[in-house]
Amino acid sequence: MVRRAEFWGGLFWLAFGVFITWQGWLLDLGSLREPGSGFVFFWLGLLISVFAISVAFNGVRGRGPLLGELWQGARWRNVLLVILALIAFGFLFERLGFVLCSLALLLFLMTFVDPVKPTLSIPISIVAAVGVWYILEKVLLVQLPKGSWLEGLPLVG
């Protein structure tokens, strides 16, 4: 049991779920008719906890891989590249803006991390970055950074 990955993963997510539930409780649950700010967090935390308990029980029953087998065959170079790309995305997000930064991230991931033919990666990256921008900015009215490099240009507002 102690060597099973599911057991430890389940315990981790159980702790996370309990923490989210507790924080939701502290925020004020409200009622079904008038939910408070912690209502969703409380119930989401409970749901995570229930799923985590079922995963941990699978580990107790001796199902699933051992901890030593969990990371065999992992492509650590790709893990490091994704982490570095996400850090760069975070630092450049305000300066370059959502569309340009997302486009660069997607192209990087589809070129270097998990290579895809350029005839697929370029159109997918453009459609995904612009499509998500359109849905967030124009449909859902979420303000996204346009990029500080555009500040001096006319017609951009």
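- Atom CZ of Phe41 is surrounded by 12 or fewer heavy atoms from other residues, nucleotides or ligands within 6.0 Å.
- Looking only at distances, a side-chain donor or acceptor of Ser54 sits under 3.5 Å from a matching main-chain atom of Phe51.
- The number of heavy-atom neighbours closer than 6.0 Å to CG of Leu32, taken from other residues, nucleotides and ligands shown, is 12 or below.
- Cluster annotation: Ile20 and Leu27 are assigned to the same hydrophobic cluster (Ile/Leu/Val/Met/Phe/Trp/Tyr, side-chain heavy-atom contacts under 4.5 Å, transitive).
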Begin from the C-alpha positions of Lys146 and Glu94 and carry the test salt bridge (Lys or Arg N to Asp or Glu O under 4.0 Å) through to its verdict.
CA-CA 7 Å; Lys146 292 176 182 27; Glu94 290 285 328; over 6 Å; no
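- Scanning for side-chain hydrogen bond (donor to acceptor under 3.5 Å, both in side chains) contacts around Gln23 gives an empty result, with sequence neighbours left out.
- A pairwise comparison of heavy atoms in Ala52 and Gly10 identifies CB-O, 3.4 Å as the closest pair.
- Judged purely by atom type and a 3.5 angstrom limit, Ser121 has no side-chain atom pairing as donor or acceptor with the backbone of Leu107.
- In this structure, CG on Leu14 lies 12.5 Å from CH2 on Trp8, to the nearest 0.5 angstrom.
- Cluster annotation: Phe12 and Val18 are assigned to distinct hydrophobic clusters (Ile/Leu/Val/Met/Phe/Trp/Tyr, side-chain heavy-atom contacts under 4.5 Å, transitive).
- Put simply, the side chain of Ile135 reaches to within 4.5 Å of the side chain of Leu140, judged on heavy atoms.
- At distances below 3.5 Å, not a single donor-acceptor pair connects side-chain atoms of Asp28 with backbone N or O atoms of Gly36.
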